[in-house]
Asker: 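To start, I am sharing the structure in question, which I have written as structure tokens.
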There are 2 protein chains.
Amino acid sequence: MPQPSAPRKATGRPPRISRAEVIETARRIVDAEGMDRLTMRRLATEVGSTPMALYHHVRNKEELLVLLLDDYAARTLHRPELPARPRERIVVAAAAIHEALAACPWIVEVLTADDLMSTSALWFVEQIVDGLVECGLSPERAVQAYRVIWYYTAGEIVVRTTAARRRTDDDRPTYRERVFSDLDPGELPRLTQVADRWASLTAEDTYLDGLRALVDGLLTPR
Amino acid sequence: MPQPSAPRKATGRPPRISRAEVIETARRIVDAEGMDRLTMRRLATEVGSTPMALYHHVRNKEELLVLLLDDYAARTLHRPELPARPRERIVVAAAAIHEALAACPWIVEVLTADDLMSTSALWFVEQIVDGLVECGLSPERAVQAYRVIWYYTAGEIVVRTTAARRRTDDDRPTYRERVFSDLDPGELPRLTQVADRWASLTAEDTYLDGLRALVDGLLTPR
DNA sequence: ACCTGAACACCGTTCAAGT
DNA sequence: ACCTGAACACCGTTCAAGT
């Protein structure tokens with residue numbers, strides 16, 4: 001976090017809770033019971049305080065979520081050995097970001113609440129952009145190519161974790177299942193052909209294959 | 001919707017409101033005031049009824065959102081003339097889905113609430129899968145390639161509309177801006193190099209370029 | 001400077017009863 | 001069959017006051 005926290009005057013009432021304590025407690029709640037159980041009221045009782053006390057440590061709930069993602073990234077995004085070949089380096093760095101996010105089911109709410117721009121993630125972004133430049137893209141094109149990779153990565157996470165959540169919610173057939181059981185073979189021959197395999201095909205993890213195809217496409221001059 | 005709505009017995013109290021009326025009113029609220037103003041209570045007063053009456057026409061709020069997306073897709077997703085060349089057909093069909101979603105700022109909440117599997121969208125999915133098969137992929141690989149395209153498309157929508165919402169929310173510097181104004185050039189040379197151009201570069205619409213790169217990559221044998 | 005209590009202005013959904 | 005009223009069990013946030 002870019003907050004050098006100016007040295008506080010030692011006047012006034014001493015603090016009973018800290019920002020770090022708030023974030024840590026929030027993390028505990030989310031890990032144990034899921035993101036939708038994290039409310040300001042619940043968090044307040046958990047830190048042994050009142051809802052309003054929290055607002056002295058975070059601006060509002062949205063800032064709390066960003067801080068939570070930041071904290072998560074700082075703790076889990078460890079820098080791997082990256083391959084020397086730039087194209088491979090791009091793939092491995094993107095896959096590392098993806099892996100960290102995929103392990104974190106509450107991420108979707110935060111992804112849609114802010115860019116993923118934790119300082120801990122920047123090193124990975126740097127590796128990707130640098131790899132793209134080394135492969136011959138201009139810095140401008142490299143940034144745009146990185147964005148494309150990020151869209152793909154974020155989209156995979158959002159779609160997949162949402163689908164997973166939906167599956168555990170109940171066991172009624174999903175909307176998709178109902179639609180797919182009633183296709184018109186005349187109009188939609190391909191979909192009819194694969195309808196019964198659709199669920200198993202979409203369950204497969206194709207992130208890495210797609211990523212490689214995407215990187216290849218981005219690096220092929222057009 | 002795959003709901004043939006079995007012929008109702010003509011007994012009991014006659015209905016005052018219909019499912020279609022509920023959906024239409026919901027759409028009016030969302031169009032006029034945004035998704036977060038759509039509540040069951042608000043919707044009830046708008047149709048001139050009570051919150052609980054709605055639950056006789058939709059299962060719950062989530063189903064209402066899916067019905068809303070379905071209704072939107074049916075009204076706006078008109079089938080364009082598609083190019084004969086399969087590779088171009090894939091691109092145009094995906095871009096048509098993307099365009100319809102991008103014009104619909106409340107889409108994100110629904111995207112993360114369910115797959116986009118409106119019957120109206122299936123024709124486009126069919127075109128994409130068929131184009132991929134015509135380009136030489138097996139039906140299984142074609143479905144997986146379609147999923148990759150869908151991840152990319154959904155991710156672009158989610159990230160971009162969320163960023164747009166964030167910008168209009170207030171005019172404080174965003175978290176990203178704060179992070180980018182304080183980069184370490186030694187550790188992150190590429191990002192430092194493009195830091196001042198980052199905002200304008202990411203504002204550019206690169207969906208189509210990225211899509212073409214992705215399709216090229218997916219169709220290149222590896 | 002930090003914390004508290006009470007209140008404001010809401011939510012989605014269930015239950016039991018009415019017509 | 002369809003609708004209503006009242007209630008349940010919550011939300012995030014503001015305000016004014018206390019220490």
Side-chain angles (χ1 to χ4, degrees), chain A residues 3 5-23 25-26 29-30 33-68 106 109-110 112-114 165 169-170 172, chain B residues 3 5-23 25-26 29-30 33-68 106 109-110 112-114 165 169-170 172:
Chain A
Q3 263 157 323
S5 75
R8 291 236 174 80
K9 287 261 199 68
T11 63
R13 184 169 172 165
R16 283 152 109 84
I17 56 175
S18 68
R19 176 186 266 231
E21 195 184 340
V22 168
I23 294 169
T25 308
I29 294 173
V30 169
E33 304 180 40
M35 179 57 86
D36 50 345
R37 298 293 281 275
L38 178 66
T39 69
M40 298 302 269
R41 289 155 192 269
R42 170 74 193 281
L43 180 54
T45 65
E46 209 84 353
V47 298
S49 189
T50 64
M52 265 321 291
L54 301 176
Y55 288 85
H56 284 271
H57 302 277
V58 300
R59 185 191 299 269
N60 50 31
K61 190 173 184 182
E62 192 164 311
E63 189 187 72
L64 175 67
L65 296 186
V66 174
L67 291 171
L68 215 48
W106 49 268
E109 276 92 336
V110 185
T112 63
D114 204 332
R165 184 164 1 197
D169 261 15
D170 49 51
R172 291 177 290 130
Chain B
Q3 264 156 324
S5 74
R8 290 235 176 79
K9 286 264 199 63
T11 62
R13 187 169 171 166
R16 285 152 109 86
I17 57 176
S18 68
R19 176 187 265 232
E21 196 184 340
V22 168
I23 294 170
T25 308
I29 295 174
V30 169
E33 305 179 43
M35 179 56 85
D36 49 346
R37 298 294 281 277
L38 177 66
T39 68
M40 298 303 268
R41 287 153 193 270
R42 171 73 192 282
L43 180 55
T45 65
E46 209 85 350
V47 298
S49 188
T50 63
M52 265 321 292
L54 302 176
Y55 287 85
H56 283 271
H57 301 276
V58 299
R59 183 190 300 269
N60 51 30
K61 191 173 183 182
E62 193 164 309
E63 190 186 73
L64 176 67
L65 295 187
V66 174
L67 291 170
L68 213 51
W106 50 267
E109 276 92 337
V110 186
T112 62
D114 204 332
R165 186 166 356 195
D169 259 16
D170 50 52
R172 290 177 291 128

Asker: How long is the span from the CD atom in B/E21 to the CG atom in B/L54, to the nearest 0.5 Å?
Answerer: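 It is 10.5 Å, given to the nearest 0.5 Å.
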Asker: For the pair made of CG in B/L54 and C1' in C/dT14, what is the distance, rounded to whole Å?
Answerer: 14 Å
Asker: Please work out which residues in residues 38-50 of chain A have a non-hydrogen atom less than 4.0 Å from an atom of DNA chain C and list them by number.
Answerer: A/R41, A/S49, A/T50
Asker: Could you check if a side-chain atom of A/I17 sits within less than 4.5 angstrom of a side-chain atom of A/T25, using non-hydrogen atoms only?
Answerer: no
Asker: Give the rounded distance in Å between these two atoms: CD1 of A/I17 and P of C/dC2.
Answerer: 11 Å
Asker: Watson-Crick or G-U wobble partner for D/dA6, using a 3.5 Å limit on both distances?
Answerer: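 In the structure as shown, D/dA6 has C/dT14 as its Watson-Crick or wobble partner.
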Asker: Report the distance from atom CD1 of B/I29 to atom CG of B/L68, rounding to the nearest 0.5 Å.
Answerer: 9.5 Å
Asker: Please give, in whole Å, the distance from D/dG12 P to B/D36 CG?
Answerer: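 One finds 15 Å between P of D/dG12 and CG of B/D36, rounded.
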Asker: For A/H56 and C/dA1, give me the distance from atom NE2 to atom P, rounded to whole Å.
Answerer: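 Those two atoms, NE2 and P, are 11 Å apart.
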Asker: Checking B/R19 side chain against B/H57 main chain: does a donor-acceptor pair fall under 3.5 Å?
Answerer: yes
Asker: Please report the distance separating the P of C/dC10 from the corresponding atom of D/dA9, rounded so that it comes out in whole Å.
Answerer: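 22 Å, rounded to whole Å.
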Asker: Evaluate the side-chain proximity of B/M40 to B/V58: yes if any heavy-atom separation is below 4.5 Å, no if none is.
Answerer: yes
Asker: Over how many whole Å does the gap from A/K61 atom NZ to C/dC11 atom C1' extend?
Answerer: 13 Å
Asker: Anything under 3.5 Å between a protein N or O and an N or O of nucleotides 15-19 of chain C, put it in a table, one pair a line.
Answerer:
residue, atom, partner, partner atom, Å
C/dG18, N2, B/R13, NH1, 2.7

Asker: Which heavy atom of A/L43 sits nearest a heavy atom of A/V22, and at what distance?
Answerer: CD1-O, 3.8 Å
Asker: Of the non-hydrogen atoms in B/N60 and B/Y55, which two are nearest, and what is the gap between them?
Answerer: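 Scanning both residues, the minimum pair turns out to be CA-CE2, 4.0 Å.
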Asker: Report the distance from atom CD1 of A/I29 to atom P of D/dC11, rounded to the nearest whole Å.
Answerer: 11 Å
Asker: Take atom NE2 of A/H57 and atom P of C/dC2, then tell me their distance rounded to the nearest Å.
Answerer: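 For the pair A/H57 NE2 and C/dC2 P, the rounded distance is 7 Å.
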Asker: Let me know the distance between OH of A/Y55 and C1' of C/dA7, rounded to the nearest Å.
Answerer: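 Between C1' of C/dA7 and OH of A/Y55: 14 Å.
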Asker: First locate atom CZ of B/R59, then atom CG of B/L64, and finally report the distance between them rounded to the nearest 0.5 Å.
Answerer: 13.5 Å
Asker: Which atoms form the tightest heavy-atom contact between B/A44 and B/P51, and what is the distance?
Answerer: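 B/A44 and B/P51 have their closest heavy atoms at CB-N, 3.3 Å.
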